[in-house]
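To keep things clear, I will list the structure first and then write my remarks on it.
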Protein chains: 2
Amino acid sequence: MVKKRAGLVEALKEAGFRMTPQRTAICEALSTRFDHPTAQSLYEQVKAEYSSLSLTTVYQTLDTLLRIGAITSLGSAGDDTIHFEVNTDPHINLACLTCHRICDLNSTAIKALEAEVQQAIGSKVLSGRVVYYSECLEQSDPLDCQFNPASRHKEGRVDE
Amino acid sequence: MVKKRAGLVEALKEAGFRMTPQRTAICEALSTRFDHPTAQSLYEQVKAEYSSLSLTTVYQTLDTLLRIGAITSLGSAGDDTIHFEVNTDPHINLACLTCHRICDLNSTAIKALEAEVQQAIGSKVLSGRVVYYSECLEQSDPLDCQFNPASRHKEGRVDE
DNA sequence: TGCAAATATGTAATGATTACTAAGAAGGAA
DNA sequence: TTCCTTCTTAGTAATCATTACATATTTGCA
């Protein structure tokens with residue numbers, strides 16, 4: 001079962017941004033993907049429908065979504081490329097330095113962690129990234145993503 | 001009082017790497033700085049003593065230290081530049097997206113967090129980054145680094 | 001419908017990081 | 001100590017993700 005998150009388009013509207021077909025398509029792509037895509041990866045996906053789409057538009061849209069806090073940036077997964085996070089529930093991210101995939105790990109301790117941050121700097125926290133790096137062994141695939149039932153797809157491998 | 005961490009040179013030796021004056025100087029610089037320097041920042045610092053030092057050498061040494069796990073990478077602090085972490089004790093990092101400084105925050109919850117990661121993927125964790133982003137107000141300077149008594153120095157502002 | 005402001009596109013620049021190669025130095029063996 | 005192999009450094013050139021910019025297009029409201 002593929003759970004679909006929502007709210008990216010709504011968040012843009014609420015923040016007063018205009019809706020365009022490109023933004024809608026990018027938001028749609030983001031909300032239906034449960035890996036942690038890069039700009040290039042999103043571009044290739046949405047470009048399939050919108051052949052006129054520009055990579056710059058993808059970067060701009062991602063930047064806009066970042067600024068309103070609808071998504072966050074996880075940084076590199078060993079591939080010198082920024083991976084984005086759509087799941088804003090507090091959780092741990094596990095990144096494989098070999099295949100550059102990132103998966104989510106539910107955590108109870110992270111609530112306490114964020115409470116510590118809040119206490120330290122008040123309400124001024126804008127975003128956070130909690131990422132642990134490892135190597136996923138091909139056999140056992142310990143980084144198998146709980147959100148992606150077919151995590152062996154090549155989706156996450158955009159920039160080897 | 002400036003606390004000095006140690007072990008970078010020793011870690012390199014134990015891992016079988018040769019010691020050079022450049023490496024020693026870079027390790028020394030790393031172990032006496034309590035901000036979270038970038039390659040460029042380290043280069044400028046060590047270059048003052050070693051005028052022949054190459055930026056490439058700094059990158060290579062940092063990469064070597066990363067590979068043996070003596071330091072970790074925290075990624076960008078809003079400046080599209082990699083900041084490195086010498087303090088390997090588990091802790092939270094607070095990054096200011098305005099001045100691009102990063103400071104350490106002691107945490108008790110992070111022990112539980114790492115335990116969760118260990119349980120999820122066993123002993124294959126290579127490194128981790130726990131960074132929360134904020135803006136430090138000039139007046140109160142909530143990100144004032146606990147390690148750096150004079151955190152208003154410009155040391156951390158290498159790449160505005 | 002018309003208009004002002006926001007957005008998309010495409011290309012050119014930026015800049016951190018890496019690749020590559022020749023020269024130099026470390027460290028063990030004799 | 002001296003030699004020799006291997007690792008390391010330095011310098012420059014390349015890479016490539018991301019950003020800047022200028023122009024054309026579109027959105028959303030009056």
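In what follows, chains are A, B, ... by sequence order, proteins preceding strands, each numbered from 1. Computed from a predicted model, the values in this text were never measured in an experiment.
The distance from atom CG of A:Leu55 to atom C1' of D:dT18 is 9 Å, rounded to the nearest whole Å. Between the CD atom of B:Gln22 and the C1' atom of D:dT8 there is a distance of 8 Å, given to the nearest Å. When rounded to the nearest whole Å, the span between OH of A:Tyr50 and P of C:dT9 equals 10 Å. Distance, B:Lys47 NZ to D:dG11 P: 6 Å, rounded to whole Å. Distance A:Lys13 NZ to D:dC29 P: 11 Å, rounded to the nearest Å. The distance between atom NE2 of B:His83 and atom C1' of C:dT17, rounded to the nearest whole Å, is 14 Å. Residue A:Ile82 contributes atom CD1, which lies 14 Å from atom P of C:dA16 at whole-angstrom precision. Remark: P of C:dA8 and OH of A:Tyr43 are 14 Å apart, rounded to the nearest angstrom.
A:Ile71 CD1 to A:Leu8 CG: the interatomic distance, rounded to the nearest 0.5 Å, is 7.5 Å. Rounding to the nearest 0.5 Å gives a distance of 5.5 Å between CG of A:Leu42 and CZ of A:Arg33. To the nearest 0.5 angstrom, B:Phe84 atom CZ is 4.5 Å from B:Leu62 atom CG. Distance check: B:Leu53 CG to B:Gln45 CD gives 11.0 Å after rounding to the nearest 0.5 Å.
In this structure, A:Asp79 contributes its side chain and A:Ala77 its backbone to a donor-acceptor pair below 3.5 Å. Looking at A:Glu116, its side chain does come within 3.5 Å of a backbone N or O of B:Ala109 through a donor-acceptor pair. Under a 3.5 Å cut-off, the side chain of A:His36 and the backbone N or O of A:Ile102 do form a donor-acceptor pair. A donor-acceptor pair is defined here as one N or O able to donate and one able to accept, closer than 3.5 Å; such a pair exists between the side chain of B:Arg129 and the backbone of B:Ser73.
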Practice task
For A:Glu44 and A:Gln40, run side chain to side chain donor-acceptor pair (under 3.5 Å): C-alpha distance rounded to whole Å, both residues' side-chain angles, the deciding distance at 0.1 Å, then the answer.
Solution key: CA-CA 6 Å; A:Glu44 289 167 6; A:Gln40 180 70 34; 3.0 Å; yes
Handout entry: side chain to side chain donor-acceptor pair (under 3.5 Å) between B:Gln22 and B:Ser54, intermediate numbers included
Key = CA-CA 9 Å; B:Gln22 293 92 332; B:Ser54 165; over 6 Å; no
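Contact annotation: the side chain of B:Tyr132 approaches that of A:Val130 to within less than 4.5 Å [non-hydrogen atoms, C-beta and beyond].
A heavy-atom distance below 4.0 Å to DNA chain D is reached by none of the residues of residues 68-76 of chain B. Within residues 56-64 of chain A, the residues approaching DNA chain C are A:Thr56, A:Thr57, A:Gln60, by heavy-atom distance under 4.0 Å.
Which of C:dA8, D:dA10, C:dT9 sits closest to the side chain of A:Arg23 comes down to C:dA8. Checking D:dT18, C:dT17, D:dA10 against every side-chain atom of B:Ser52, the shortest atom distance belongs to D:dA10.
Among all heavy-atom pairs drawn from A:Ser76 and A:Tyr133, the shortest one is O-OH, 3.2 Å.
Along DNA chain D, the nucleotide closest to B:Phe17 and the one closest to A:Thr20 are compared, and the more 5′ of them pairs with B:Phe17. For A:Asp80 and A:Pro21, each mapped to the nucleotide of DNA chain D holding its nearest heavy atom, the one lying further toward the 5' end belongs to A:Asp80.
Under 4.0 angstrom from either OP1 or OP2 of D:dT26 there lies no side-chain N or O belonging to A:Arg18.
Each end of the helix from C:dT1-D:dA30 to C:dA30-D:dT1 gets its own rotation axis from five pairs of C1' atoms, and the angle between them is 40° to the nearest 10 degrees.
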